[in-house]
S.K.: 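Take a look at the following structure, please.
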Amino acid sequence: MWRQILALIVKELLMVLRDAKSRAVLIGPPLIQLVVFGYAASFDLNHVPIAVLNHDRSAASRALVAHFEGAPAFTLVATPANALRIDPLIDSRTVEMALVIDRRFSRDLLTHRPARVQLIVDGRNSNTALLALGYANSIISDFSLSWAAAHGGGAPPAVLVTRALYNPTLDSHWFFIPGIVALLTQVVTLLVVALSVAREREMGTFDQLLVTPMRPFEILLGKGLPGVLVGCFEATVIIAAAVWWFGVPLRGSLLTLYAGLVLFTVAVTGIGLMISALSLTQQQALLGAFLFMVPSIILSGFATPIANMPDWVQTLTLVNPMRFFLVIVRGVFLEGADFSSLASQYWPMALIGLVSLAAAAVLFRHRTG
Amino acid sequence: MNASLRRLSGLLRKEFLQIWRDPSSLAIAFLLPAVLLFLFGYGVSLDARGVPLAMVVENPDAASADFTAAFAHSPYFRPRHFRTIQRAEQALAKREVKGIVWLRSDFTRRALARPPAPIGVVVSGVDANDARLIEGYVQQAWAGWLASWARTHGRPPPLLVDVAPQVRFNAAVSSRNYLVPGLIAVIMTLTGALLTALVIAREWERGTMEALMVTRVRLAEILLAKLIPYFLLGMGGMAASVAIAEGLFAVPLRGSFWVLSAASALFMLAALGMGLLISSFARSQFVAGQIALIATFLPAFILSGFVFDIASMPAAARLITHVVAARYFVAILQSVFLAGDVWSVILPNGAALLLMAAIFLGLARAIARKRLD
Amino acid sequence: MRLEGVRREFRSGKRVVVALDGVTAEAPRGAVTGLIGPDGAGKTTLMRLVAGLLRPGGGGIEVLGLDVARDPLAVQQRLGYMPQRFGLYEDLSVRENLDLYADLQGLPPDERPARYATLLHMTGLAPFTARRAGRLSGGMKQKLGLACTLLRPPELLLLDEPTVGVDPVSRRELWQIIDDLTRNGRMTVLFSTAYLDEAGRCDSVWLIHEGRLLGAGPPAGFTAEMQGRSFFARAACNRRRLQAELAGLAGVIDTVIEGGRVRVVTATPAPPETAALAASLPRFSLAPAPPRFEDAFVARLRPEAPPAATAPVARAAAAEPAAAAEVISVSHLTRRFGTFTAVDDVSFAVARGEIFGLLGANGAGKSTTFRMLCGLLPPSSGRLRVAGFDLRHAAAPARARIGYMAQKFSLYGDLSVRQNLRFFSAAYGLANARQRERIDWATAEFGLQFALDATAGQLPLGFKQRLALACALMHEPDILFLDEPTSGVDPLARRDFWRRINDLAEAKVTVLVTTHFMEEAEYCDRLVIMAQGRVLSSGTPEAIKAVAKSPALPDPTMEDAFIATVLAAAPGEAA
């Protein structure tokens, strides 16, 4: 029995590797996505163009502007002469934010009265707007406190002492790149598995496989294991790239990570086999994989937190293996998490894997006759 | 009616009948957009709300209660109280809370006698974006508390600079308002490029293209007969998406409908041009689908500024975005929906779309041959 | 139409495949020219070149006095072309397809009603104008495709394999239509086919093989040169033994089993030296036979006598109980898909060592029956037994006793020949020395030594067929299932294939074969004719042909018998 399954696995792997087109599917898109996500996908702000309208022209206001110019998040691109010039700059998206310093800014500061500055932000991209406001607010607070300290204003009653665990510079690449491990592993595993049965059906070899003495269960195993192997291989490559190319710290143990990885690929393989059992042509299999993949990526917490979703959508994500693996991969990479703290992420994937494999086995039997 | 017009109308009639009778093209044109809009409208949100936050107040009193009240009443946080910082840190490690605000036992005493008293803020940096947003919110709460402290103790405000933020176009800073318009560009890429490439590949696969080629039909007629129906279908999908955006998600449409339609038409032409171009290389639905997804759908998703800010990308990535038609359309859409008819955005981006449409359609026409090789 | 040294190559990866190699020929105006050759001979490429869809890599093509390469549009104005699969839009109704092509061909609206009426009458499609093309039977699609190309009568009509997989009745009707069209001599027809027996219908024939023109001229010319070289041999012994004996004679270039007799073709116009045979075989007789087109084809491919037939396939004779005479039994087998009954109350039995055929057109229900027998599909009702088991529920050892060769010789095209052999032998549980031994056997027996590392998908069709059979035989099965085993391969590969099958049958392997090739049915010991899911007749080829025997047709072909059987079963539907 094992010899037959082994033969099937070897054959599957050979088929994936010998055909130029399927090799391309395994290598091309993942590479493109790794590069694109690795570099382009980021919520960090760099060089956000801003405008400054300084009505005050005092040493104090110039110091405030200098604080903005010194921040890497902002680039000063315009100094409009009057307030009327601001709106066109924002409307045309030449600047993302405008800082307007009141005429009495330094006078108010010196008399310990609230000195007014205005921040006008383009809300068309709400995330950038919020982050820019946050940066600007902290720059202004810093300025405020240092000015007070320099002019004998005394210390404020309390200050924030902020510490970011796991990712001290809050670099969002550290968030996305481990996520790519999950994303690409899912894509590749699903494509390998979902297309493999459909392709044999189209070529007519599937019938030939079914009339051999192999049992459906053995065929299922022989079709599924290559998906797990290819998925783990793909993940290993991306993990290596994350550590050595992108410099993301890997703080936890590889054992913890790979335990999750294997469970994840098994769960995805089960789903892929279900899709495979349901579809008669590669076209249908591809469509089925796509229909599963898009929602599962969007609702995984890959780019946006699950906590922000409405409750019913959050319940829906419980059947998505990727949501659990994302926690594991990020936990192991950044937090150095161990088995015990991730236990609640392991068993749901194991359950999804078991249920989907069983369902695939039933569908398989049903569909083959 | 002259012969050319009759041929064209015959082809068009065929195309419409096929669209009408083939559920898969209608599904790609209408069902898929609806599903994607629902997923994004409901599932994707960058607005933190109800973030679990650990509050460690070692010595509760009036001053600390005043500080924590700012969190209790905020829709953004769901504060959980812990006695010791160790417990809170354990909760953070177990991912039960996203951050910690820590007021030590000597908080009020130090604030009065030996300012400044440190307020410990710990965030989990795993999700950097979330962490930044938490930091921003905490900072606002702190600033509010400082002002009220100064009032109650009759002192000058410690933060002398008073910031008056003003968010243009999207006062509630709702991420849905900016994601949904951008999504329309992604959806139209799907109908324009993917659907067109698929239906032409299908004609090759079924051998009907070969039969068309040997009739006296001209190449321009075949191309037009594909352009017109899928243009209309794409505009239909667009109209449906706008209706969902307006009706279900209450995204404002501040610009004029005509500008929106004109920009959509230009983008649709560019997307169709891509679709035709792909179909002249790929003659099986499988390959056409793959190319369309990689060459149009993914860039429209990632490099269009639909989710990720183009200005913040590295220079090389920024350069590539210039050849992504969706980039120009997303810029127009976000302005037309949220800001209005801002001509300084619409005109340059519209011109870019026009150029891209002309290039793609021109290339598609130049490459197409009434031959199989 | 004139072709002058036409050459065309295709690039696939790094390899260059020569599809046509210097074809020079001429087709007379107002006649039917048959473009005849096996799959992969270059027929479709030639058709597309003539239609201006491809540019020749060398040489020139002149159609209706015009150079196709220079002015394809002008040529396309004047020709009609029906590609393989007929070029119909399956989502559109019969009427809508006609409307579309009428618009494309510029048929004025006022001429349409009359033209539609004529064509619909001619094709018998008048009752079905509202039906979608996808729901038509193969024969009806073929006729609709033809009607669409004829809307505005073209001067040159190109038909690419219009008769593939179409039942013989529809095939005959199509030829009737073509005869009517060309009778007044205004239309020239180029007709491609892989069926060699259609040559006789043509006024002129281009015989093409592996991109080369083997001969051109009226079909009578081909058969004339075979005059006095074809014979029928009979003897009161096993016909397979008779064939083997005859094939060994000097000067014999071809032997084919045809029902109860064997057709013998010699290299020179003289009967073979059979004195020795007459002595050893009881009641041996040899009579001259009318030459067939296929004889000429084989003679051209194989001018010399082939090497003497090899010994029967060496096979470890399993000690089978002699009583198990009935290996496959099927009774009242029915299979429904929704409301459609694909197989309707089918019963038959196959004895050990017998070659049994299921003959029918595409969609007759033979593949469904076949799949049920292999356990790939559960029957809706009825009973079936293969080697005493229902394979659907049988344990793995039962399935190890059957060999299966799927349609289109489906193998793993991306794997090499060696990898295919290795995989299938392992799938059947062979290992270590035994596996190596069988792979060596298959390599030697099927002549695969030089192709072991070639990718299976890129092999020529004949090789693929051999490899598929080798894979099915790796585990020495008792029962062999063959689905359309020779469709599209050239006559030599077909002969080679049947020689092996005959050897297997001699070694008491039971063979079940489906086919839509009428001639192939002649190889079977017994067969059933299926149409619309039902068995119309069953028996030996001789018995089935006897139905069509009449004074006007003393020696009917299997096709005659098939048509007679179908007409007798449903006189109304075939009209």
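To find a chain, count down the sequence lines: A is the first, B the second, and so on, and within it residues start at 1.
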S.K.: Any salt bridge between B/E89 and A/R163, counting N to O under 4.0 Å?
M.R.: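 Salt bridge flag = yes for A/R163 with B/E89.
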S.K.: In Å and rounded to the nearest 0.5 Å, what is the CG to CZ distance from A/N125 to B/F306?
M.R.: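 The CZ atom of B/F306 is 11.0 Å from CG of A/N125, to the nearest 0.5 Å.
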S.K.: So which part of B/I100 gets closer than 4.5 Å to some heavy atom of chain A, the side chain, the backbone, both or neither?
M.R.: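 The answer is neither part of B/I100.
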S.K.: Given the options A/V48, A/N308, A/T128, A/T304, which has more heavy-atom pairs under 4.5 Å with chain B than any of the others?
M.R.: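 The option with the most such pairs is A/N308.
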S.K.: Distance from B/N129 atom CG to A/F176 atom CZ, nearest 0.5 Å?
M.R.: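 So the CG of B/N129 and the CZ of A/F176 are separated by 7.5 Å.
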S.K.: Tell me which of these, A/L334, A/L299, A/T162, A/N137, has more heavy-atom pairs under 4.5 Å with chain B than the rest.
M.R.: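 With the most close heavy-atom pairs to chain B, the winner is A/T162.
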S.K.: Using side chain to side chain contact (heavy atoms under 4.5 Å, CB included), reason through B/Y178 and A/N127 one step at a time and then give a plain yes or no.
M.R.: CA-CA 9 Å; B/Y178 103 88; A/N127 200 52; 4.1 Å; yes
S.K.: Using non-hydrogen atoms only, which part of B/W145 is less than 4.5 Å away from chain A: side chain, backbone, both, or neither?
M.R.: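 Interface part for B/W145: side chain.
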S.K.: Considering only heavy atoms from C-beta outward, does the side chain of A/R124 approach that of B/F337 to under 4.5 Å?
M.R.: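 SC-SC contact between A/R124 and B/F337 ruled out.
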S.K.: Among A/L170, A/V121, A/D171, A/N167, single out the residue with the greatest number of heavy-atom pairs under 4.5 Å to chain B.
M.R.: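 Maximum pair count with chain B is reached by A/L170.
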S.K.: side-chain contact (heavy atoms from CB on, under 4.5 Å) with A/A337: which residues, sequence neighbours excluded?
M.R.: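 With sequence neighbours excluded, A/A337 shows a side-chain contact (heavy atoms from CB on, under 4.5 Å) to A/E335, A/S341, A/L342, B/R95, given in chain and number order.
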S.K.: Heavy-atom distances under 4.5 Å only: say whether B/L112 touches chain A with side chain, backbone, both or neither.
M.R.: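 Neither part.
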S.K.: Determine whether B/D309 and A/N46 satisfy the following criterion, side chain to side chain contact (heavy atoms under 4.5 Å, CB included), listing intermediate values before the conclusion.
M.R.: CA-CA 9 Å; B/D309 199 35; A/N46 296 305; over 6 Å; no
S.K.: Which bit of B/D127 comes within less than 4.5 Å of chain A, counting heavy atoms only: side chain, backbone, both or neither?
M.R.: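 Both parts, backbone and side chain.
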S.K.: Quick one: of B/V122, B/L146, B/I119, B/L32, who has the most non-hydrogen atom pairs under 4.5 Å with chain A?
M.R.: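 The option with the most such pairs is B/I119.
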S.K.: What part of B/V342 gets within 4.5 angstrom of chain A, counting heavy atoms only: side chain, backbone, both, or neither?
M.R.: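 Contact with chain A involves the side chain of B/V342 alone.
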S.K.: Pick whichever of A/P305, A/P178, A/G331 has the most heavy-atom pairs under 4.5 Å with chain B.
M.R.: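 It is A/P305.
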S.K.: Looking at side-chain heavy atoms only, is the closest gap between A/L291 and B/V35 below 4.5 Å?
M.R.: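 A side-chain contact is absent here, since even the closest heavy-atom pair is not under 4.5 Å.
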S.K.: What is the minimum heavy-atom distance between B/Y42 and A/V313, and which atoms define it?
M.R.: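 In this case the closest contact between B/Y42 and A/V313 is CB-CG2, 4.3 Å.
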S.K.: If you count heavy-atom pairs within less than 4.5 Å of chain A, which of B/M313, B/Q140, B/R110, B/K98 leads?
M.R.: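 It is B/M313.
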S.K.: If we define contacts as heavy-atom pairs under 4.5 Å, which of B/G125, B/P116, B/A128, B/A143 has the most with chain A?
M.R.: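 Option with the top pair count is B/P116.
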S.K.: Looking at every heavy atom in both B/W142 and A/V159, which two are closest together, and how far apart are they?
M.R.: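 Closest heavy-atom pair between B/W142 and A/V159: NE1-CA, 3.9 Å.
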S.K.: Using heavy-atom distances under 4.5 Å, tell me whether A/F143 contacts chain B through its side chain, its backbone, both, or neither.
M.R.: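 Contact with chain B is through the side chain of A/F143 alone.
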S.K.: Counting only heavy atoms closer than 4.5 Å, note whether B/L103 contacts chain A via side chain, backbone, both or neither.
M.R.: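 Interface part for B/L103: neither.
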S.K.: Would you compute the distance between atom CG of B/D130 and atom OG of A/S172 and round it to the nearest 0.5 angstrom?
M.R.: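 Going from CG on B/D130 over to OG on A/S172, the span is 11.5 Å.
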S.K.: Looking only at non-hydrogen atoms, find the nearest pair between B/V126 and A/Y166 and report the distance.
M.R.: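 Scanning both residues completely, I find the closest heavy atoms to be CG2-CD1, 3.7 Å.
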S.K.: Quick test of your reading: applying side chain to side chain donor-acceptor pair (under 3.5 Å), list the pairs with at least one residue in residues 89-102 of chain A, sequence neighbours left out, ordered by first then second residue.
M.R.: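 Qualifying pairs: A/S92-A/T94, A/R93-B/Q334.
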S.K.: Tell me, for A/L89 versus chain B, whether the close heavy atoms (under 4.5 Å) come from the side chain, the backbone, both or neither.
M.R.: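 A/L89 has no heavy atom closer than 4.5 Å to chain B.
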S.K.: Output the option from A/L130, A/T317, A/I90, A/V327 having the highest count of non-hydrogen pairs under 4.5 Å with chain B.
M.R.: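 The option with the most such pairs is A/L130.
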S.K.: Are side-chain heavy atoms of B/V123 and A/L165 found at a separation under 4.5 Å?
M.R.: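 No - every pair of side-chain heavy atoms lies 4.5 Å or more apart.
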S.K.: Considering only heavy atoms and a distance below 4.5 Å, find which of B/P314, B/P348, B/A317 pairs most often with chain A.
M.R.: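 Of B/P314, B/P348, B/A317, B/P314 has the most heavy-atom pairs under 4.5 Å with chain A.
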S.K.: Using the ring centroid of each side chain, check whether B/F308 and A/Y39 are separated by less than 6.0 Å.
M.R.: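 No - the distance between ring centres of B/F308 and A/Y39 does not fall below the 6.0 Å cut-off.
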S.K.: Take atom OH in B/Y76; do more than 12 heavy atoms of anything else shown fall under 6.0 Å from it?
M.R.: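 Atom OH in B/Y76 is not crowded, with 12 or fewer foreign heavy atoms closer than 6.0 Å.
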S.K.: Are side-chain heavy atoms of B/V138 and A/L160 found at a separation under 4.5 Å?
M.R.: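 Yes. Closest side-chain heavy atoms under 4.5 Å.
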S.K.: Sort out for me which of A/A98, A/P88, A/A158 touches chain B most, counting heavy-atom pairs under 4.5 Å.
M.R.: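 Maximum pair count with chain B is reached by A/A158.
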S.K.: Atom OG in A/S340, atom NZ in B/K94: separation rounded to 0.5 Å?
M.R.: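 With rounding to 0.5 Å, OG (A/S340) is 9.0 Å from NZ (B/K94).
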S.K.: Taking atom CZ of A/R113 as the centre, does the number of heavy atoms from other residues, nucleotides or ligands within less than 6.0 Å exceed 12?
M.R.: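 No, the 6.0 Å shell around CZ holds no more than 12 heavy atoms from other groups.
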S.K.: Looking at B/G50, B/A111, B/G136, which makes the most heavy-atom pairs under 4.5 Å with chain A?
M.R.: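 Between B/G50, B/A111, B/G136, the count favours B/A111.
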